[in-house]
Structures are given as C-alpha cells and as structure tokens.
Amino acid sequence: MPSLIKALKSQVGRKLMTGITGIGLMLFLIGHLLGNLTVFGSPDAFNLYTKKLESLGPLLYVIEAGLAFFFLYHTVLGVSIWLKRRKARPEGYDTYKTKGGPSHQSLASRSMIITGSVIFIFLFIHIASFKFGATDTVMIDGEPARDLRALIIEKFTTPAYAFGYAFVMLLAILHLSHGFWSAFTSLGMKHGEGSKKVQAFAYGFGIVLMLGFIFIPLYIYFTGGEGSLISY
Amino acid sequence: MSDNMKIHLKYWKQDGPTAKGFFEERTLDSVNEHMSFLEMLDVLNEELQLEGKDPVEFDYDCREGICGSCNLVINGQAHGPKAETACCQLHMRNYKSGDHITIEPPRAAAFPVIKDLVVDRSAFDRIIEAGGYISVKTGSATEANSIPVEKEQSDVAFDYATCIGCGACVAACPNASASLFTGAKIAHLNKFPQGEVERYNRVTAMVDQMEAEGFGDCSNFGECEAVCPKGISISAIAEMRKDYVKALW
Ligand code: FES
C-alpha cells in the first residue's frame, strides 16, 4: 500500500490532483461569472455583492487561501509535468505528426503550458487591479463601500485592458476545452461513447463560461460604459 | 504492379547509446508496392552492404504484427500512417513514387538507442517484473467453466492482453509516458479472478517501476491509442488510475 504522500507524488496522483484542482477552479469560475453578471443588475447590485463578499471576514480569507492553494498546486503540477517531459525525451523527433483518430492531440492539449502560463500572469494583474485597486467610496445601505463597479467600467473602457482581458479569456477557453475532458479522464472516466458526450459538454461548458467573461469587458468597452444593460 | 517506386529515405544512424546520432539519406529506385516497410529496409541494407557499408540496424522478429519487436517512427508517426498496423505489416502501397520518408527510433530517455533504429526496451521488462504476473497457485487446468468469468470482463481483458509491448505508445506520447503499456498490462491481469488476488500490490508496484524508469507523465493526449497497433483504448489508463487510488485504502 503506498502512503498518501507517495501516492500524491506518483504520476497517477499528480494527474489526479491536476484534475481535482482543475475542477475546483472551474467551479469557482462559475461562481465568479455569476457574481460578475450582477454588474448588469440594479445600479447598486455589483457593489452590494462585493460588499457582501468582503463582509464575510475570516471566512473569505479561508476561501481565498483555499483558492490560492488550488491554483498554485495546479500550477506546480502542470509545470512539473511539463518539465518531466523534457527529461523523459531529451532528444526530440526531427519529424512528428499526430496519427489522428482517437488521439486528443490538438492545439488545446499541446498548448496547456502556454495558455496556463498566460493565465498565471494574468491573474496577478487581475488581482492587483481589482482586489487591491484604488476605488472611490460609495454609500450602500447607509454604509460605506468600495465603488468597484466604477473601477470595472473605468478599466474596461481602456482598450488595452478590455482586449487584453478578452484575449486571455479566449486562451482560457482553449485551456478548459482540454482540461475539462482531461480532468474526468484522470478521475477514471473510461474512453467510449460516454466520454464523447463529456467532451462535447466540456467544449460547450468552456465556451459558454468564457464567453460570459468575454462579454462583460467588450460590452463595456464598446458602449463606453453607458450601454443600456447597465443601469445608473 | 509497379516495381519502380522511387523512395527518398532519411534514416537515423547512431553507433551506440552515448554516441552522437545523425541522419543519413539515400534514394531507393525500385521499390515494389507489395513490399512491407521492413522489406524495403532489407533492400536498403542489401544495397549498403554491396557497397561495403554498414547496414542500418532495426528491430524485428515475426514480421506478422504479433511479437512487438518492430517499432519504427515513420514520418513522425509510430509504426507509420496506418491505424492499428505494426510497421512490419505496413506495405509500400501506402506510399507513392517520389515520397520522402523519415525513419527515426522511438525517442525516450527510458529507451536508450543501442544502434541506429534499435532501442533498449528492457524498461518494459522491468515493469512486468515488478508485478505483471500471477503468482497465486491456480492448480492444474480445471474444467473451463469452473471459475466463471463474465463475458464482458473476459472480452475487455482480452483487448488489453493484445498489447505486444512494442513501445509505440511511448514513442508517440508527447510526454514519453508508458501509461498505456503499463495500464494495459495491469488491467488485463486485474480483470481475472486469478489476477484479482494481487490486484493492488500489482498496480502499486508497476506504477512505481514505470516512474522509476524515467517515463513521462500522462497528459491524456490519447496519442498512444491512435498509434497502438492493437488499438488498445486509453480506458486502460483509467483502470490503472482507479486501482492505484483504491490501493490506498
Ligand atoms: S516484427 Fe513482430 S510485430 Fe512487427
């Protein structure tokens, strides 16, 4: 019987944990998107939502620490798998071609390390701009709160931010389209009829989710923050 | 029948595990479309030998797609372009006159080159030695149906048992992982009542050995299934993972 530590360090364990942390991060993204969509609600909805989150106090820290752990664990595993492949094949092929058919080699699966790295860097900028970005104070329910809504509109009316954000989200679609299916395979899903459905669902899920994330900055950019979906 | 296909070959030459390898090129003028790929290489070697040059070493034994000795990487694909076909069963009719063909050995740290296109696959033997056998006493041959095995179970086990250990999975995997080979061997034995007994020790020992041999991680590319001359499904890898996790408790 392998010890838990040894199992986690094994190839099987590493892949399994990549899948589990990946699924965890995807679940978080669903919540994140739903939260973001409140920007289209009543004028106070978004700031109310962020204020609620911040008022969770210690619980929020626990959630944040958990997320950071999942994210870092996922990153470390991904990078280590990538590094190991270079050791496992020090001398590459002169010619290399996929055989197609049942192969899942695609732009998405081959570029996980690149899309993943971009998302990694993006996240630091993202957190610095929104979590720690300077905001005005507004009164919500008679209490002061950060005016994050104004900050979002300000950021997304800058072309670099709006398009940069949308671009990274496109890469995330690519990352998720292999990641989702791969996660279930790592968790023991067998290949066959069912897995085709899971794959179709994976693509659909990734695309719908990320289009949600892409829609917000582009809508704000193209309407100058004054689109009819945003009420004042 | 065309007897005069012109084939431009570019093949790997390497004197030994530590020697520096390089490509050599040569054009064969009269390749017959009915030749197997290996017969075409025989022709190449005859020509080379007539000129007093060293032949190109490559592995083969049965030339019937059953022994798993051949394992060339042809134009970047393990065993060449045909699905579920070992390169000894690949025929030159799949090519046309004037084609350029690059032939390389499987490239993996765990499969060091012995010479030219021949690699040392004893890493696979050591994975088998770690647990790819049944050591419980099963007695002498009994009445065929005295130990019932479900039809579905035996079918799946047979599919996994068709692995000929050629190593194409490793050759084609972008990570040089041996997960399909190891998974197939584990799943094949674990599916039977006789193999069931050592199920969890087997999976742990074989996965550990696979790791120790320096094969890469599996990233679920599925390229192994695409190149497997026996078309073994990557479900074998899923089975291996499940059993490995179950072995923890
Ligand atoms: S030589 Fe035996 S399988 Fe190809």
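Numbered from 1 within each chain, the chains take letters A, B, ... in sequence-line order. The figures here come from the full heavy-atom set of this structure, side chains too, leaving out hydrogens, waters and symmetry mates.
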### Query
Would you call A:Lys15 and B:Asp217 a salt bridge, taking side-chain N to carboxylate O under 4.0 Å as the test?
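No.
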### Message
I'd like to know if B:Glu211 pairs up with A:Arg14 as an ion pair, taking the criterion as any Lys NZ or Arg NE/NH1/NH2 lying under 4.0 Å from an Asp or Glu carboxylate oxygen.
### Response
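Looking at B:Glu211 and A:Arg14, the cut-off is met.
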Segment of [X] engaging chain A (4.5 angstrom heavy-atom cut-off):
X: B:Ala83; value: backbone
X: B:Lys10; value: side chain
X: B:Phe111; value: neither
X: B:Val245; value: side chain
X: B:Glu213; value: neither

### Query
Relative to chain A, which of B:Ala110, B:Cys224, B:Ala109, B:Ala236 shows the most heavy atom pairs under 4.5 Å?
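Most heavy-atom pairs under 4.5 Å with chain A: B:Ala109.
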### Task
Could you have a look at B:Asn220, B:Thr102, B:Val207 and say which one has the most heavy-atom pairs with chain A under 4.5 angstrom?
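Between B:Asn220, B:Thr102, B:Val207, the count favours B:Asn220.
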Judged by atom type as modelled, is there a donor-acceptor pair below 3.5 Å linking the side chain of [X] to the main-chain atoms of [Y]?
X: A:Arg89; Y: B:Gly216; value: no
X: A:Tyr93; Y: B:Gln77; value: no
X: B:Glu104; Y: A:Thr95; value: yes
X: A:Gln11; Y: B:Phe215; value: yes
X: B:Arg107; Y: A:Gly92; value: yes

### Query
In residues 106-113 of chain A, which residues are in contact with chain B at a heavy-atom separation under 4.5 Å?
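Contacts with chain B: A:Ser109, A:Arg110.
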### Message
I need the contact set between residues 66-84 of chain A and chain B: heavy-atom distance under 4.5 Å, sorted by residue number.
### Response
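The list, in residue order, reads A:Ile81, A:Lys84.
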### Task
Name the member of A:His178, A:Arg85, A:Arg86, A:Lys87 that forms the most heavy-atom pairs with chain B at distances under 4.5 Å.
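Most pairs with chain B among the choices: A:Arg85.
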### Among A:Ala88, A:Pro90, A:Gly100, A:Gly101, residue most engaged with chain B (heavy-atom pairs, under 4.5 Å)
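Among A:Ala88, A:Pro90, A:Gly100, A:Gly101, the one with the most close pairs to chain B is A:Ala88.
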